Amino acid sequence: MAKSATDVGVQQSPHQRGDRELTYAEALVEAIAELMKEDPDFLIIGSYVLGLGPMRALFDEVRHEYPKRVLDPPTAEIGFTGFGVGAAMNGLHVLVDLSTASFIFEAFPQVVNEAANASYMSGGRLAVPIVFHFLHGLRGGGAAQHSHSPQAMLWNTPGLQIMMPSSPADVRGMLPTAIKSGNPTVFVDHSKLMPVRGYVPALPKEIPLGVADIKRSGRDVTVVATSYSVQQSLSACKTLASEGIDTELVDPRTVVPLDRQTILESVAKTGRLVVVDETHRSCGIASEIAAIASEEILDALKVPIIRVTVPDVPVPFSPVLESELDTTPERIAAAVRYQMTRKQINRL
Amino acid sequence: MAKSATDVGVQQSPHQRGDRELTYAEALVEAIAELMKEDPDFLIIGSYVLGLGPMRALFDEVRHEYPKRVLDPPTAEIGFTGFGVGAAMNGLHVLVDLSTASFIFEAFPQVVNEAANASYMSGGRLAVPIVFHFLHGLRGGGAAQHSHSPQAMLWNTPGLQIMMPSSPADVRGMLPTAIKSGNPTVFVDHSKLMPVRGYVPALPKEIPLGVADIKRSGRDVTVVATSYSVQQSLSACKTLASEGIDTELVDPRTVVPLDRQTILESVAKTGRLVVVDETHRSCGIASEIAAIASEEILDALKVPIIRVTVPDVPVPFSPVLESELDTTPERIAAAVRYQMTRKQINRL
Amino acid sequence: MPPQRFEPESAKKVLPDLEKTGLIELLHKMLLVRRFEERLIRLAEEGPSFGHYHVYIGQETIGIPALAALRPTDLVFPTHRNHGYLLSRGADPGRLMAEILGKQTGLNGGKAGTLHASAPELGIPHTSAIVGGIVPIAAGAALAAQLKGSNQISVALFGDGATEEGATFEALNIASLWRVPVIFLCENNTEEALGAAAGGYPKSVTAATDLGSIARSVGVPAVVVDGTDTRAVFTAMSEAAERARTSGGPTFVEAKVVRWPGSNPLWPELPAGETELRFAWEPESAPEQLLRWYRDQDGLLRYLREMLGASLLDKDDAAEIDSDVRSQVEAAVRFARNSAYPTPDSAYLDVFAGQS
Amino acid sequence: MPPQRFEPESAKKVLPDLEKTGLIELLHKMLLVRRFEERLIRLAEEGPSFGHYHVYIGQETIGIPALAALRPTDLVFPTHRNHGYLLSRGADPGRLMAEILGKQTGLNGGKAGTLHASAPELGIPHTSAIVGGIVPIAAGAALAAQLKGSNQISVALFGDGATEEGATFEALNIASLWRVPVIFLCENNTEEALGAAAGGYPKSVTAATDLGSIARSVGVPAVVVDGTDTRAVFTAMSEAAERARTSGGPTFVEAKVVRWPGSNPLWPELPAGETELRFAWEPESAPEQLLRWYRDQDGLLRYLREMLGASLLDKDDAAEIDSDVRSQVEAAVRFARNSAYPTPDSAYLDVFAGQS
Ligand SMILES: Cc1ncc(C[n+]2csc(CCOP(=O)(O)OP(=O)(O)O)c2C)c(N)n1
Ligand SMILES: Cc1ncc(C[n+]2csc(CCOP(=O)(O)OP(=O)(O)O)c2C)c(N)n1
Ligand SMILES: [Mg+2]
Ligand SMILES: [Mg+2]
C-alpha cells in the first residue's frame, strides 16, 4: 500500500521537480489558507494552531483575511468544541483547534461521546465533518499538565479517524484530506515539528487516509514511529547507518485507518521490530502496533519486540527529567542496536 | 506472586471455612459500610454505586446511616469530582462515584490532569487519597453513550492505580485496599457483576495491589481476563474443560500495578495466550497485555497471541448488535480452541 | 431562600393563536405522545427490557407547541427524553417504536434505541443522552445557520438537570458572544420529583432559585413560562424564534411543569393505568393518588378542557381522535414487534458516514 | 452593552486597618514579588528557556493583602500565575527560583516548574495550570475542612478567564448548595489585555458584564473591588473569611486591575526596564509608554505613595526595603543557578505518594 522511498522519483532532485523547501508551520498554514479560499463552508474555531512559539505569527494572515471564519472562543473547551460539532452537523466543515493537546480533556465528552458516536447512532444518516486539532507531547517545560499525547486514548475510541503527519510534505497533503473526509478526524501536530524544514511539492497532492510512508528503507530492523518521533527516528537511522545498521522507518501517518500491510511487510522482511512513540507506555500507540504484530506476524520475528515510549510517569518540568523520559534518537538507536545483537529466537 | 487456586485450601469447603455466599453487590456494600464505620474521614460523593438495577436499594442503608458522608451532588461531574480531589488533598479519604463509566469523560480533567499528577508535581509531598468508582461496559441497552470502558485510557495515564475486581470475594477484599492506599485509584465495577454470587470469607482480608489471581489453573492455554470478562471466561473454561481443553485463567485484578510475573509464568507454562477484555480493541487493556508478552516472553509462545475484545465500533443499542460485539463465552471458547488447533510456530 | 413552589395557574387561557385545525393538530399530537408513552411503559413491563428509558408524559404541552412555533427547516436537538419531539415532528410511530425495540426497521436501524433515536430528515439530526451534551451542539448548529445565511434557527431541548452542567453554561456564554440564532428550551420538571436519596431519579440539584438567572448572567435574555400552558409556551417560543431569526441572538426559555408521578421512580411506571379523557371534565373520576396531578397539573387535560369549553370540539370528537391515535400506536407496536432484528453483521457498518 | 471601563479610583485611601509593622510587611512582600518577577523576565530573556510562564507584576495588591486576611492554617490554591502567593506565604525565593529553573533544590525538586510550583507545608497544597482546574479543588478542600470541623477556610485563586470554564460554574453551584467555607478570589486583569487576535495572550472572552452575576445566579454572594486598593481587598477578604468561618458559606470576590503591559504579550516582557520607586512620587519620571500605568494603575506604587504620605516610612526606608529584597532576589538567583539539576533517575520517583 505504501509508497516506498525508492518509488518517489529519486532520479530527480526535489529542486528539479520544483519542490519548495518549507517549514512544517508554513506548509500547515498554506494548507489552511488554501482550504479557506476554496471552501466557503470551512470554519476554524480556536487560533493557536501553531502553538505558542514564534511561528505562531504565520497564522495571523489567515485570521485577518477571514475574520468571520476564524473564531477566537472563550476558554471554554467543551463549549466551543460542542459548537464545532453542532456546526459540522449543520453542514460546515469545521476545524476545532484545542491548542495544547492536554486541553482536549476539557472537551472529551464532545469528542469521544458525541462526535465519535454520532454517525453510528444515527444509523449512518448523519455526517459530522469535523477535525480536532492539537499540539501534543513534550514541548520543553510543559510539565505534567501541558505535555499530553492523547492520541492513544482517541485510538481506543471508535468513530474517530486519526492522522499524525511528521513532515512538511505530509502535513501539506494530509490536512485537506482530513477536512474533506467528511468524518470526525483527530489531527495531531507537535510543537517541535513546527520549525522542521522539508520539501513540499510545487503542486501538493492530497495524501489519502490509511497509506503509510516508508520514510527510510532498510533491511535490518523495522522502526515504526509517528509524529515527531519520526524525526527523532530519522536522526537515529543516520547514526545507525554510519555503524552499518540499515534501518527501515515506517511512518503509518494515519492510525485510523491503519495501513497494517505496509507495517507487516516491513517486519516480515526485517524480522526485527522497534516501535517508537511519545504516548505513555501502557495502552499507548506502541502497545497496539506491538499487539498487532504479535497476533499477525509473530512467526516472522527473530527477536522480541521493543517499545521505545515515554514511561508511565507524568511529564516532569525539569529539562533533565523531561529528556530522560523522551524518545530521543539515542534511546531509539540503542533499542535498534540491541535488536541486532540480542540472541535470535531459535526456529526450525 | 499470585496465589493459585490450589493454594487456598481446597481441602476445606467454603462452607466449612465459614465463608458466606453473597452477591457482588452485597459484598461491595459490606465493604463500604465497614469503611464508613471504621474511618470517620471516609467520604462518598455520588450514590449510584450499584447502578440502576434493582440491587441499588442495598446502598440506601449506608446512605441513610451516614447522610453527612454520603453526598448526592448535582449532575456536575467535573465539579463534584474536583470537590473530591480537593477534599482528598485536605485529608479525607474520598470515593467519588461517577455511576455509569461514560460520565467520567465529563470529569476527565480532574481525574487525569489533577488527581493523577498531583503527587508527582508536588515532588512527592502531597498525597491524594481518592477512589474514582464507576460501572463500565455493555450493560444491555446502554448504547453508544452509556457503555464505555475507560480503563484502558486510564491505564495510559500515569499516576492512577487501577483495580478491577471480578468476584464477590475480590471486591470485598479490594475496596478497602483502594481506600487505604492513599493514592488516586480507579475502581472499576460492572453492572453485570452486581448479581454474581460467590463465597466471601467470614473475616475478609484485604487483597493487596498488584497480586493477580489464578481463577482456574490449567496447562493448555492461558486466558488473561479482567472484570466481568473473567466471569465470561470462567463459563468458557467450563465448556472447554468438557471438551478436554484445560484452560488457565489469570485475573490480574489490578492492572496498575500489574502482576506481570504471574501472567508471564502462566504463558511460559502453556505457550498459548488469549487476552480477553471489554475495552475496545485498539490501545485497549488487551493490547497492553499482548505487547508485554511480545516483549518479554515471545520465545515461549507456541502460537501467536489472540485478543478477544469489543471491536472498534461504538456500542449499538439493539440487543442483537450489542451481543455481536460482546466478549461472550462463545467467542472466548472459540479463540481458545483455535489456539489449540492452529499450526505451532516451528522452533528448534 | 427556597424556590417558590410551582403550581400551574389554572385560570389562564391556554389556547394559542392558531386556526382551529392547528389547535386540533396540537391535541392530536399530544394524545399521540401520551398514548405512545403509556403503551411503551406496558411494553417495558412485559419485557424483554429495552434498557433505561424516559417518557414524555406530562410535558406534551411544552414540546408540542414549542415545535409548532418553528419552521420545518429549523433544527431541534433533544436529550434523553426525546420521544415527544420525534412524534411531534412527524416521525412514524412504528419506526420510532421499532427503534426503541432495536429493530432493523427503526428510525436508526436499531443502533440508537430510545436514548439516541433521531431523524435527520425531520430536522432532528442528533439526540444526546448525556446531560448537557446537546446544548453546545444545538448552539453550534445555529452558528452554522448564521454563517451560511440559511435563516434557520436551532433549538436545544433539555431538562433542568442540564443547567447543572458546565457545558450548558459555556454554551450560553458563547451563544451570547456570537449572537447565534438559538433557543435554549429548558423543561423544568423537577417540582415534586424525588431525589436520588428517595430511590428515585434525581431532582435537579441547583442553588439557582431561578434558572434564567444563569442565562442572564452571560447576557442571554430569559423568560419563564408555565409549561402546562400551551399558549404561553407557543408565544414565548414564537417570540424567541423571531428574535433569533432577526439575529437578535439567543433566548433561554424555562417551561415549568410538576413532574408526572410515573416519571418519579428511576424506571417509568403507570401508577394507576392510562389517562382517561373524562378526567378532563370529571376530575373526580381520576384515581385517588393521581387526582391532583390530573386535575391541576396535567397540561394535556387542561388543553383538552379548554378546547371543549370553547366548543372547538366535543367529547365525541376527542374520543375519536383518541381512538385514532390508539390505533396508530397499536399499529406501531405490531410493526415494531413484527420487524426483524438487524443482522449481526450490520454492527460493523456506519462507524463512519459515507463508508457503508 | 459593553462593560464599563475599569479605572482605579485614585482618591480612595488604600491602607488596611493594620499595625504599622503589618503595613510595612505588606510593602515588603509586594516589593519582593515585584523584584522577583522582574528578575525572572531577565532570566528568561538570557535563556535557557524555562517554558511558558506568567508573572504577578501589577497584581501584588490583590494576592498579598488577600492572603494577609487569612490564618496560616487556611489553604490557598493558585493557578498558573502563582509566584506571588508562594512568596507571600513565605516560600524561600531561592527554592522557588530553583523550582522555576528545574533544579533539585526547588520547592518540588524540579518536577513542578513555574506552572505547578506548590508548597503543601505553607498551605499551598497544589497549583493547577489548567484554567478552571483549581476552582472545584479549592472548594472541595473547604468541604473537608467543614466535615473535619477544622475551622480552616480555603481560597481558590484564579483569573477572569476561569469564569469562562464550566468547571468554575459547577464548583460555584456545589459550594453554594453545600455551604462550604471557601472564597473564590477572581483576579480580573483583562482590562487592556490584548486578545489572541492581536498576537497576545487572550483577554477574557465572556458575555458577562459583571463576573459576580455568575456567582449570584447560583446563590453565591459576590463583591467587586478595585484590585489596586490594598485596603479594599483586605476588607473584602476579611469579611468573606469571617462569613466562611462562621459557616456562612462561600463568597465570590472579584478584584479588578488594569493588566500590566508586560503581561500583555504571550511571553512576559519588561517593556521599559524595572520599576523605580521614585515613580511613586515623581510619576513623570516613568518611561513614556508606561507613564499612565505606573501613575494610575499600579497598586504597588499607589500603596507606597500612601505609606509615604501617611509618614509610615520615608523614601530612605523604602529604598532600604527595596535594596533588601533585591539582595534576596539576587541571592535566590545565585542559589538557583548554583543548584544542581536532579539526577535523571529521580524522574521515576513520586508518581505515587509514600512509595519512594
Ligand atoms: C453527564 C451525565 N451525567 C449523568 C447522567 C445520568 N442522567 C440521565 S437523565 C438524568 C437526569 C436529568 O435530569 P433533567 O436534565 O432535569 O432531565 P429529566 O430527566 O428531568 O427530563 C441523569 C442525571 C447522564 N445521562 N449524563
Ligand atoms: C483548560 C485550559 N485552557 C487553556 C489554557 C491556556 N491558558 C493558559 S493561561 C490562559 C489565560 C487565562 O486567563 P486568566 O484566567 O484570566 O488568567 P491570567 O493569565 O489573565 O492571569 C489560557 C487560556 C489552559 N491553561 N487551560
Ligand atoms: Mg428534570
Ligand atoms: Mg486574566
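These numbers come from a predicted model, not from an experiment. Labels below follow one simple rule: chain letters A, B, ... track the order of the sequence lines, proteins then strands, and each chain is numbered from 1.
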Listed pairs under 3.5 Å, donor-acceptor, residues 73-85 of chain A side chains, sequence neighbours left out:
| from | atom 1 | to | atom 2 | distance (Å) |
| --- | --- | --- | --- | --- |
| A:T75 | OG1 | D:E164 | OE1 | 3.1 |
| A:T81 | OG1 | A:E77 | O | 2.6 |

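Heavy atoms of D:A112 lying under 4.5 Å from chain A belong exclusively to its backbone. In this structure, the portion of D:T343 lying under 4.5 Å from any heavy atom of chain A is its backbone and not its side chain. Heavy atoms closer than 4.5 Å to chain D are found in the side chain of A:Y48, but not in its backbone. Using a 4.5 Å cut-off between heavy atoms, D:I130 contacts chain A through both its backbone and its side chain.
Classified by interplanar angle (parallel below 30°, tilted 30° to 60°, perpendicular above 60°), the ring pair D:H52/D:W267 is perpendicular. Between A:F187 and A:H133, the ring-plane angle classifies as parallel under the 30° and 60° cut-offs.
Chosen from D:G51, D:S128, D:P48, the residue pairing most often with chain A at heavy-atom distances under 4.5 Å is D:S128. Across A:V313, A:T100, A:V70, the residue that shares the most heavy-atom pairs under 4.5 angstrom with chain D is A:V313. With respect to chain A, the highest number of heavy-atom pairs below 4.5 Å among D:S346, D:P342, D:A207 belongs to D:P342. Chain D forms more heavy-atom pairs under 4.5 Å with one residue of A:R139, A:E106, A:Q145 than with any other, namely A:Q145.
Residues A:E278 and A:T327 bring no donor and acceptor atom of their side chains to less than 3.5 Å of each other.
A donor-acceptor distance shorter than 3.5 angstrom exists from the side chain of D:E99 to the backbone of D:G109, with no hydrogens or angles considered. At least one donor-acceptor pair closer than 3.5 Å links the side chain of A:T157 to the backbone N or O of A:M153. Between the D:T168 side chain and the D:T163 main chain, no donor and acceptor come within less than 3.5 Å of each other. A donor-acceptor pair is defined here as one N or O able to donate and one able to accept, closer than 3.5 Å; such a pair exists between the side chain of A:D312 and the backbone of A:S282.
At a heavy-atom separation below 4.5 angstrom, chain D is approached by A:R56, A:R63, A:H64 within residues 56-65 of chain A.
No salt bridge links A:R331 with A:D326; every basic N to acidic carboxylate O contact stays at or beyond 4.0 Å.
What you find for A:V94 and A:I179 is that their closest heavy atoms are O-CD1, 4.5 Å.
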